[in-house]
Amino acid sequence: MPLLPLLPVMASTFSPTSAARALLPGSTSRPLFLAASASSGRIQPSRKGLDFRRGRFTVCNVAAPTAAEQEATASASAAKETQRPVYPFAAIVGQDEMKLCLLLNVIDPKIGGVMIMGDRGTGKSTTVRSLVDLLPDIRVVVGDPFNSDPDDPEVMGPEVRQRVLQGDTGLPVTTAKITMVDLPLGATEDRVCGTIDIEKALTEGVKAFEPGLLAKANRGILYVDEVNLLDDHLVDVLLDSAASGWNTVEREGISISHPARFILIGSGNPEEGELRPQLLDRFGMHAQVGTVRDAELRVKIVEERARFDRDPKTFRESYHDEQEKLQQQISSARSNLGAVQIDHDLRVKISKVCSELNVDGLRGDIVTNRAAKALAALKGRDSVTVEDIATVIPNCLRHRLRKDPLESIDSGLLVIEKFYEVFS
């Protein structure tokens, strides 16, 4: 018998107390916010906790890891680090444009992510994954699958937000590294967004919502290798979440929403296909990488890679001081970012460049201002200079220009030409 026709009957014949007993058995699982209404026969989302007025009941049940499970996960992560060492970011030779774009997004995640396009074998994936060591620590609620910030309601999971609204000041808080989540090309939509088990939610009250990759990536980084080969329906899901900062899962009248604020990083080879303009526009910055042509530099890259493959631990230790210095530089830049100022005259000229290049929308203006301020903070200054803008504006506008199939010049050069024309 289908489940949905029974919902009005269940809501009307069960007393609130019996409904609560049936739907909340002895379980260690966390709450999931679901509410059933006798009048509408539909299950509606609720953020007001348990509410038994007018025959309405709310069940809560999120499959969140306990503190012990989280500790075991941390141990497993440490073991994984030992088994699969990450190539140090400071050891990456060349590719300065790509490295700068990644660092600016770590300093100011509101820039909106990076699209890295270039030849195969140029170190795109290696560079992105090496960013893990540089990511700063953040404060998270222990055991929460959404990496909830105990101080910011906008990035709290539904249960943590409910507890805060109820005045709970005893949330267990710890510090953790910002997570980087790899999105595999073969991932299903349920794995990305999360799944709702309606039958379990209504009968057993356990594991009603299984968080997906978007929940894990909240307040972190979502990396998509070969993003130009990703299925269109997954691209649409990423677009919605990246734009709104929230992920909503709808199944059979049940709706679950949770924060999904992440830095979206994609990489790919343009020979394998172009991205849709809608997806390109969502990325704050665009970095182009090419094959290193200098023979001496190529030899150095090969030798460094051979050293890493031969003894990863010793190789990582040799770059420990440089990595630590870079971490401190990023941490200082994040702390001072709010104090960086950009003159009104410079902001007007940035917008003039965007206007004369016929850039659609205002994302180009916003991202260029943010990236220039992040670069000034990285350099330890409290004001943006023309040189800062000249450095970042090609990466912020190159992918937003309308494509001309007859144009042979690179889009980045067009941006630079217009920049010097306006700023001269």
Side-chain angles (χ1 to χ4, degrees), residues 95-117 136 152 154 242-243 245 261 263-265 277-278 280-289 326 328-404 407 409-424:
Q95 311 300 7
D96 295 332
E97 180 179 320
M98 171 173 56
K99 291 192 291 187
L100 179 62
C101 289
L102 291 172
L103 290 177
L104 296 183
N105 272 271
V106 171
I107 293 170
D108 185 4
K110 292 183 179 179
I111 289 175
V114 190
M115 165 60 70
I116 304 169
M117 298 296 284
D152 186 358
E154 290 299 317
R261 295 194 174 187
I263 302 172
L264 184 60
I265 299 179
Q278 298 93 325
L280 270 178
D281 188 57
R282 300 291 188 183
F283 287 93
M285 304 183 76
H286 185 284
Q288 286 186 347
V289 295
L326 197 50
Q328 294 173 354
Q329 192 176 358
I330 292 172
S331 179
S332 176
R334 286 170 65 97
S335 302
N336 300 330
L337 181 63
V340 177
Q341 300 295 324
I342 179 169
D343 292 340
H344 177 74
D345 181 55
L346 294 180
R347 292 200 297 268
V348 170
K349 288 184 177 180
I350 289 172
S351 293
K352 187 176 181 182
V353 171
C354 295
S355 175
E356 294 190 6
L357 287 173
N358 295 319
V359 175
D360 293 332
L362 295 175
R363 284 198 182 100
D365 307 55
I366 295 171
V367 170
T368 304
N369 279 270
R370 287 190 179 279
K373 292 173 71 174
L375 180 57
L378 182 63
K379 293 181 177 180
R381 290 188 271 100
D382 58 1
S383 61
V384 173
T385 65
V386 175
E387 288 75 17
D388 295 331
I389 299 172
T391 302
V392 301
I393 198 168
N395 304 111
C396 298
L397 301 183
R398 160 196 290 147
H399 56 300
R400 305 181 195 277
L401 303 187
R402 295 180 180 178
K403 301 296 181 184
D404 184 355
E407 188 67 67
I409 189 172
D410 177 69
S411 300
L413 296 178
L414 289 175
V415 175
I416 293 173
E417 286 181 0
K418 184 60 66 177
F419 167 84
Y420 283 113
E421 181 183 321
V422 171
F423 278 76
S424 61

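Computed from a predicted model, the values in this text were never measured in an experiment.
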Sorted by chain and number, sequence neighbours left out, side chain to side chain contact (heavy atoms under 4.5 Å, CB included) with Ile366 holds for Arg370

List the atom of Ala371, the atom of Leu104, and the distance in Å for their closest heavy-atom pair. O-CD1, 4.0 Å

Student check: side-chain heavy atoms of Val367 and Arg400 closer than 4.5 Å: yes

To the nearest 0.5 Å, atom NE2 of His286 lies from atom CG of Leu401 at 11.0 Å

Pairing donors with acceptors under 3.5 angstrom, does anything connect the side chains of Asp388 and Thr385? yes

Is it the case that the side chain of Asp152 and the backbone of Glu154 share a donor-acceptor pair, with hydrogens and angles ignored and the cut-off at 3.5 Å? yes

Side chains of Phe283 and Asn395: closer than 4.5 Å at any heavy-atom pair? no

Hey, does the side chain of Asn105 reach the backbone of Cys101 with a donor-acceptor pair shorter than 3.5 angstrom? yes

CD1 (Ile265) and CE (Met98) are apart, to the nearest 0.5 Å, by 10.5 Å

Just verifying a value: how many Å separate Asp96 CG and Leu103 CG, rounded to the nearest 0.5 Å? 10.5 Å

Does Lys110 offer a backbone N or O that forms a donor-acceptor pair with the side chain of Arg261 under 3.5 Å? no

Taking Val340's backbone N and O only, do any of them form a donor-acceptor pair with Asp382's side chain (distance below 3.5 Å, no angle check)? no

Please check: side-chain N/O of Ser355 versus main-chain N/O of Ser351, any donor-acceptor pairing under 3.5 Å? no

Between Glu97 (side chain only) and Val289 (backbone N and O only), is there a donor and an acceptor less than 3.5 Å apart? no

Under 4.5 Å between any side-chain heavy atoms of Phe419 and Leu397, yes or no? no

Between Val384 and Asn369, is a side-chain contact (heavy atoms from CB on, under 4.5 Å) present by the stated rule, with each step listed? CA-CA 9 Å; Val384 173; Asn369 279 270; over 6 Å; no

Can you tell me how far the CZ atom of Phe423 sits from the CD1 atom of Ile416, to the nearest 0.5 Å? 13.0 Å

Distance, nearest 0.5 Å, that separates NZ of Lys99 from CG of Leu326: 9.0 Å

Can any side-chain N or O of Ser332 pair as donor or acceptor with the backbone N or O of Gln328 at less than 3.5 Å? no

Identify the heavy atoms of Asp108 and Ala374 that sit nearest to each other, and give their distance. CB-CB, 4.3 Å

On a heavy-atom basis, the closest approach of Met285 and Cys396 is CE-SG, 4.1 Å

Check side-chain hydrogen bond (donor to acceptor under 3.5 Å, both in side chains) between Gln329 and all other residues, then give those that pass, not counting sequence neighbours. none

With sequence neighbours left out, what residues match Glu356 under side chain to side chain contact (heavy atoms under 4.5 Å, CB included)? Lys352, Lys418, Glu421, Val422

Keeping the roles fixed (side chain from Arg398, backbone from Val415), state whether a donor-acceptor pair exists under 3.5 Å. no

So which heavy atom on Val106 is nearest to which on Pro136, and how close? CG1-CD, 4.1 Å

Could you go step by step and tell me if Ile342 and Ile350 meet the side-chain contact (heavy atoms from CB on, under 4.5 Å) rule? CA-CA 11 Å; Ile342 179 169; Ile350 289 172; 4.0 Å; yes

Is there side-chain contact between Leu100 and Leu375, with at least one heavy-atom pair below 4.5 Å? yes

Just so I know, are the side chains of Ile330 and Ile107 near enough to count as touching, which here means a heavy-atom distance under 4.5 Å? yes

